[in-house]
Amino acid sequence: MSDNNDLFAATMAAIGFVPPALLDGNPGPEALRNADRTSRYWSSPHVGELHLGSPAHLREICRMFRETFNPYRPAVIAWPELTPDMLQRVTSLPIWDIAVHTEGRARLRFASYAANLKSAEVRDALMLNAWEEHRHKEVLSKLVKAYGITLGPEPAYQVPRDPEWMYLVTGYSECIDSFFAFGLFELARRSGFFPVELVETFEPVMQEECRHILLFANLVAGQRASLSWWRRIVFELRVTAAWFYIAWERLVLARSMKANGMGTGQDSNFTMTSAQAVTSIEIGFRDLMTLCLQENDRRFSGYDARLVRPKAIPALAKIALFLTRPWAKKRRGDTEPLETAGGRGSSTQL
Ligand SMILES: [Fe+2]
Ligand SMILES: [Fe+2]
């Protein structure tokens, strides 16, 4: 495990990246609230349009990432005490190993891509992104320790041979995972299935993933806009291949989970299985997709509207909702859990 951490530390050192300063040992609630607010709301001082791929666009997207950094410190998180029931729910969630491995891989992939970039500004933004993935891993390691969750052995993370390819695969994977995680997280918050203090502990992590995919969507859009037509074709082929690769990876993961008695062996059903693991309320596919879309919009709403948002997964969710309209009618008259379960509407919790 330490070898894995060493590899990431070595990549950081080779680039000369210095980890950012964090909040002091015991920040008060006001300092935490301010840090949270800073991470959610950001407007560029740039006047006029931000043309994709222009120096101003690149500069501002990197500035957004820098200025919305949340300096929380994983080591001081006070893990709430859980009732035996809640502890059982937390420890039996089938996500901890996958979550730790995903963060461990992502940090090295982002760092390796960053190391090869010419633009110091973009390199620093992506290194900070990588460092935040490392911090997510640290948060998870503190959680599993606090609640006595046993993890399997960690794989040996590899420095990618083709950093751009792995950057695309990791970035698009985050776009998928974050979209569903936003909805599942809100579902967990509303359900009261877990203590609110525990859910809130992960709030900065969730918002960070939102910033990560905002950065990714803008860097990819900027790259697209600045390529010559033939380079653009090559790039689009790579992007398409990345989506196929992700689909294949998820199929393999779903099959292995099915073999281990987790989920049903289908990725969409894995999301539904996860929904049932975070709430006692019965929730249908359409309700969950609606919640994911609402949360996706809410989390991005505080950032400058001139920055592009990830579009593919929300668009697919909208298509799925459109195609399943006949089933919506069947639900009318039933309890509508999402509309009555204490949603926070469009406001935030600040
Ligand atoms: Fe992460
Ligand atoms: Fe991320």
Side-chain angles (χ1 to χ4, degrees), residues 4-5 7-8 11-12 17 19-20 22 36 39-40 42 61-62 64-66 68-74 77 93 95-114 122-144 151 154-155 157 160 163-164 166-185 188 199-220 242 246 249-250 253 274 292 295-296 299-300 303 307-310 312-314:
N4 286 325
N5 287 332
L7 201 49
F8 173 68
T11 314
M12 270 202 312
F17 177 79
L22 300 179
D36 183 75
S39 73
R40 272 164 216 282
W42 185 85
I61 186 67
C62 294
M64 176 284 293
F65 203 73
R66 243 184 358 256
T68 55
F69 174 72
N70 185 336
Y72 69 90
R73 198 181 282 271
I77 293 173
L93 283 175
I95 58 169
W96 303 120
D97 279 292
I98 296 171
V100 169
H101 302 172
T102 303
E103 303 292 1
R105 258 195 310 267
R107 65 179 176 179
L108 200 52
R109 289 175 177 182
F110 284 130
S112 304
Y113 180 63
V122 181
R123 189 170 58 232
D124 282 353
L126 278 169
M127 262 321 293
L128 181 58
N129 186 334
W131 184 86
E132 288 178 6
E133 304 296 6
H134 174 68
R135 183 167 59 170
H136 294 172
K137 190 169 181 289
E138 232 180 290
V139 172
L140 288 168
S141 76
K142 305 271 181 222
L143 175 137
V144 297
L151 295 181
E154 264 190 89
Y157 305 116
E164 188 197 62
M166 272 309 165
Y167 172 65
L168 290 173
V169 167
T170 311
Y172 284 119
S173 295
E174 283 210 335
C175 290
I176 300 170
D177 295 338
S178 300
F179 178 78
F180 293 111
F182 294 160
L184 290 169
F185 184 78
V199 176
E200 289 307 322
T201 299
F202 280 93
E203 180 51 43
V205 174
M206 282 290 136
Q207 198 58 32
E208 256 162 16
E209 291 302 356
C210 178
R211 284 166 60 253
H212 291 177
I213 61 178
L214 183 62
L215 177 69
F216 177 75
N218 279 274
L219 289 180
V220 168
I246 293 166
E249 241 185 3
R250 273 150 205 259
L253 173 69
S274 303
C292 289
E295 281 298 292
N296 188 67
R299 287 193 179 273
F300 281 109
Y303 303 112
L307 302 179
V308 293
R309 272 64 174 156
I313 302 299

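Atoms within each ligand, like the ligands themselves, are counted from 1 in listed order. Keep in mind that what you see is a predicted model, and the values were worked out from it rather than measured. The residues of the chain are indexed from 1 along the displayed sequence.
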Who pairs with E103 by salt bridge (Lys or Arg N to Asp or Glu O under 4.0 Å), at least two apart in sequence or on another chain?
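In terms of salt bridge (Lys or Arg N to Asp or Glu O under 4.0 Å), with neighbours along the sequence ignored, E103 is linked to no residue.
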Between C175 and P310, which heavy-atom pair has the shortest distance, and what is it?
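Shortest heavy-atom contact: SG-CB, 4.1 Å.
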For H101, enumerate each residue passing the side chain to side chain donor-acceptor pair (under 3.5 Å) test, keeping only those at least two apart in sequence or located in another chain.
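Not a single residue meets the side chain to side chain donor-acceptor pair (under 3.5 Å) criterion with H101.
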Determine, for F182 and R299, whether the Lys NZ or Arg CZ falls below 6.0 Å from the six-membered ring centre while staying within 45 degrees of the axis.
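Checked: cation-pi criterion met.
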Let me check something: any side-chain donor-acceptor pairs from residues 126-133 under 3.5 Å, sequence neighbours excluded? List them with distances.
from: N129; atom 1: OD1; to: H212; atom 2: ND1; distance (Å): 3.4
from: E132; atom 1: OE1; to: R211; atom 2: NH1; distance (Å): 2.8
from: E132; atom 1: OE1; to: H212; atom 2: NE2; distance (Å): 2.7
from: E132; atom 1: OE2; to: R211; atom 2: NH1; distance (Å): 3.2
from: E132; atom 1: OE2; to: R211; atom 2: NH2; distance (Å): 3.1
from: E133; atom 1: OE1; to: H136; atom 2: ND1; distance (Å): 3.4
from: E133; atom 1: OE2; to: H212; atom 2: ND1; distance (Å): 2.9

Residue and atom, protein N/O/S, under 2.8 Å of the Fe ion (ligand 2)
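Atoms qualifying: E133 OE2, E174 OE1, E174 OE2, E209 OE1, H212 ND1.
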For the residue pair E203 / Y72, report whether a side-chain donor-acceptor contact shorter than 3.5 Å exists.
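No, E203 and Y72 have no side-chain donor paired with an acceptor closer than 3.5 Å.
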